[in-house]
There are 2 protein chains.
Amino acid sequence: MTESASRTETPKAASGKRTDRARARPNDADGIGLDALVGHAGYAVRRFQIWIFQDFVRTLAAVDIKPTQYSVMTVIGANPGLTQMAVANRLGIERARLVHLLDSLEGRKLVKRIKSKSDRRSHALHLTAQGETSLAKFKRLATEHERHVEEKIGRENREKLLQILSDFT
Amino acid sequence: MTESASRTETPKAASGKRTDRARARPNDADGIGLDALVGHAGYAVRRFQIWIFQDFVRTLAAVDIKPTQYSVMTVIGANPGLTQMAVANRLGIERARLVHLLDSLEGRKLVKRIKSKSDRRSHALHLTAQGETSLAKFKRLATEHERHVEEKIGRENREKLLQILSDFT
DNA sequence: AAAGATTGTTGTTGACGACAACAATTGCTG
DNA sequence: CAGCAATTGTTGTCGTCAACAACAATCTTT
C-alpha cells in the first residue's frame, strides 16, 4: 500500500546517543514517516498539549500548582461564591473529581468552602486571604509559562491559535 | 482583588434543563468569567484536545479503534519492520506501554511481531493482511473525523493550526 | 406529603504516563 | 577476547485522571 520499502530493520539506529536525539524531538529526521498522521489535527494537538502541560508544570513547580488547580483557583478568584457544580461545569471537570481538588486546595489553606445559607446542599467557594496572594504569584508564573509558548511557536502564531480555539474556552 | 461582586450564589441556575446547556458548550454565556484563563493557550488547547479526542473515538467507535491504536498502526503500516523501540520513540509512547498496545492489536490479528534475525532482542513489526485492509477502513473513518474538525473550526483555521503545530508532529 | 431532581461525597473501574526491575542479547573497551 | 555497559522487550507498581455508579442530605415540583 504505502510506498515505503519493507526494510527488515536496523535496530541500532545512528550510534551511541540515539536515545537523546530520539527523545528530544519527535519529528526528528529519523527517517520514520508518519503517513496519514500528518494532516490529522488531533495528533498534532495531542503532542502540543503534552509539551505545553509539561512546561506549565515545570514553570510552576516551585509553587506546586498544576494546570487544573490553577484553573480552579482562577475561576474561584474571578467569581467568588460559586458552587462546586458551577465550577465543575464551567471548567469541564466532573464534580466527583473537583471534590478531591478542593480537598487539596483547602488543605493548603488556599480555598475555603462556606456552607450556603440559601441552599444547604451546596458550598460557596472562596479564596482565602493567603489564596489571593498566592494566586497572584501563580499568575505571574503562568505568564512566564505563556512566554515559553510564545518562544516555541511564535507570538502571532500563539495569538492565532488562541483565536482559532476561542470557542473552546 | 477581582472586580466581580461576591454574590453568595444562586445554585439553581436557569431552571430545568441547565444540565444540558452547561454540559453542551463550556463557553456558554453562564456569566462565569474565566479571568486569566482566557489568554492561556494551554487551557484552550486542553479543551480542544478533549473535544477532538471524543469525536475521534465516536467516529471510529464502530471499528473500536482509539487514537493511540490508530497512530501505532499507521506508523507500522508506513514503515514495516520497525522495532518496538523505534515506534515508541517516534510516537512518544513509552515502550512499556506499547507492549500492551501491541498485545491488543496482535490479539485482534491486525499486527504481528516477527523475531528479528539481525538482533535477537528485537521484534520487527508488520501489519497482517487483515491489518492492511482494516487500516484502510480506519483511515477513511479518520478522514471523516477530520471533516468534523473542519466543520467545527473552519477549513482554513484547521490548516493554519496544522501549520502552527507542525513542529510537534 | 410524595416523587423526583440536585449537590456533594465516596468508591470503582479503566486508560495513561513515569519509573523501576529484570532476562536476554548486543556493543564497547580495555 | 573477556567482562562490563547498554539496549530491547517485558512485567509490575505508583500516581493521575476521566467516566460511572451509588448514596445521604436537601431542594423542587406536583
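What you see is a predicted model; the values in this text were computed from it and never measured.
- Minimum atom distance to the side chain of Arg121(A) is reached by dT6(C), of the listed dT6(C), dG8(C), dT25(C).
- Contact annotation: Arg97(B) side-chain N/O to dG17(C) OP1/OP2 distance is under 4.0 Å.
- The CZ-P distance, from Phe53(A) to dT16(D), rounds to 11 Å in whole Å.
- In this structure, Gln84(B) places its CD atom 6 Å from C1' of dG9(D), rounding to the nearest Å.
- In this entry the distance linking NZ of Lys117(B) with P of dT26(C) reads 12 Å, nearest Å.
- Using cut-offs of 30° and 60° for the angle between ring planes, the His145(B) and His148(B) rings count as perpendicular.
- One interatomic measurement links the two molecules: CE of Met85(B) to P of dT10(D), which rounds to 13 Å at whole-angstrom precision.
- Put simply, CG on Leu102(B) is 15 Å from C1' on dT11(D), counting in whole angstrom units.
- Within 4.0 Å (heavy atoms only), Glu94(B) reaches at least one base atom of the nucleic acid.
- Ring centroid separation for the pair Tyr70(A) and Tyr43(B) does not come in under the 6.0 Å cut-off.
- Along DNA chain D, the nucleotide nearest to Arg120(A) and the one nearest to Ile93(A) differ in position, and the one closer to the 5' end is contacted by Ile93(A).
- In terms of hydrophobic clustering, with Ile, Leu, Val, Met, Phe, Trp and Tyr side chains grouped at heavy-atom distances under 4.5 Å, Ile50(B) and Leu161(B) are assigned to different clusters.
- Of the two residues contacting DNA chain C, namely Ile50(A) and Val99(A), the nearest-nucleotide position lying further toward the 5' end is that of Val99(A).
- Note: CG (Asp119(A)) to P (dA25(D)) measures 16 Å, nearest angstrom.
- Distance check: Leu82(B) CG to Gln84(B) CD gives 11.0 Å after rounding to the nearest 0.5 Å.
- Counting to the nearest Å, the P atom of dG11(C) and the NE2 atom of His100(A) are 9 Å from each other.
- Rounding to the nearest 0.5 angstrom, the gap separating the NE2 atom in His100(B) from the CG atom in Leu98(B) is 10.0 Å.
- Separating the CG atom of Leu101(A) from the P atom of dT9(C) is a distance of 12 Å, rounded to the nearest angstrom.
- A single hydrophobic cluster is seen to contain both Leu141(B) and Leu127(B), as judged by linkage of ILVMFWY side chains at heavy-atom distances under 4.5 Å, directly or through other members.
- Among the atoms of the strands shown, base atoms are found under 4.0 Å from some heavy atom of Arg95(A).
- DNA chain C lies under 4.0 Å from at least one heavy atom of each of the following residues of residues 65-73 of chain B: Lys66(B), Thr68(B).
- Not one side-chain nitrogen or oxygen of Gln54(B) sits closer than 4.0 Å to the OP1 or OP2 atom of dA18(D).
- Side-chain heavy atoms closer than 4.5 Å link hydrophobic residues (I, L, V, M, F, W, Y) into clusters, and following such links, possibly through other members, connects Val63(B) to Leu105(B).
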